[in-house]
A.B. asks: 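This is the structure, below, for whatever I ask next.
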Amino acid sequence: MELDLDESSLAIGRIERALSRIEKALTERANRPAPEPAANDQSALKAEVVAVIGELDRLISEAKHG
């Protein structure tokens, strides 16, 4: 399966949106008065990081093979 330009653009868009959500979550966490993050926030942040890594792995794999 070879990624075309449209698929690559969509993947990059998903990565950018996920990174924006991660940045927002980290900013909110840094601005909280309580030092302990909520468990839900941490799980959501981990899920976003996993999503970004998955998209990057896919793009790298396709670049190597396509």
A.B. asks: With sequence neighbours left out, what residues match Val49 under side-chain contact (heavy atoms from CB on, under 4.5 Å)?
C.D. replies: Ile22, Ile53
A.B. asks: Quick one: which residue pairs count as a salt bridge (charged side-chain N to carboxylate O under 4.0 Å, His left out) with a foot in residues 8-18, not counting sequence neighbours?
C.D. replies: Arg14-Glu55
A.B. asks: Please report the interatomic distance CG(Leu59) to CD1(Ile12), rounded to the nearest 0.5 Å.
C.D. replies: 6.0 Å
A.B. asks: Listed by chain and number, what are the side-chain contact (heavy atoms from CB on, under 4.5 Å) partners of Ala18, not counting sequence neighbours?
C.D. replies: Arg21, Glu48, Val52
A.B. asks: For Thr27 and Glu23, indicate whether the former's side chain and the latter's backbone hold a donor-acceptor pair under 3.5 Å.
C.D. replies: yes
A.B. asks: Measuring from atom CD1 of Ile15 to atom CG of Leu10, what distance do you get when rounded to the nearest 0.5 angstrom?
C.D. replies: 11.0 Å
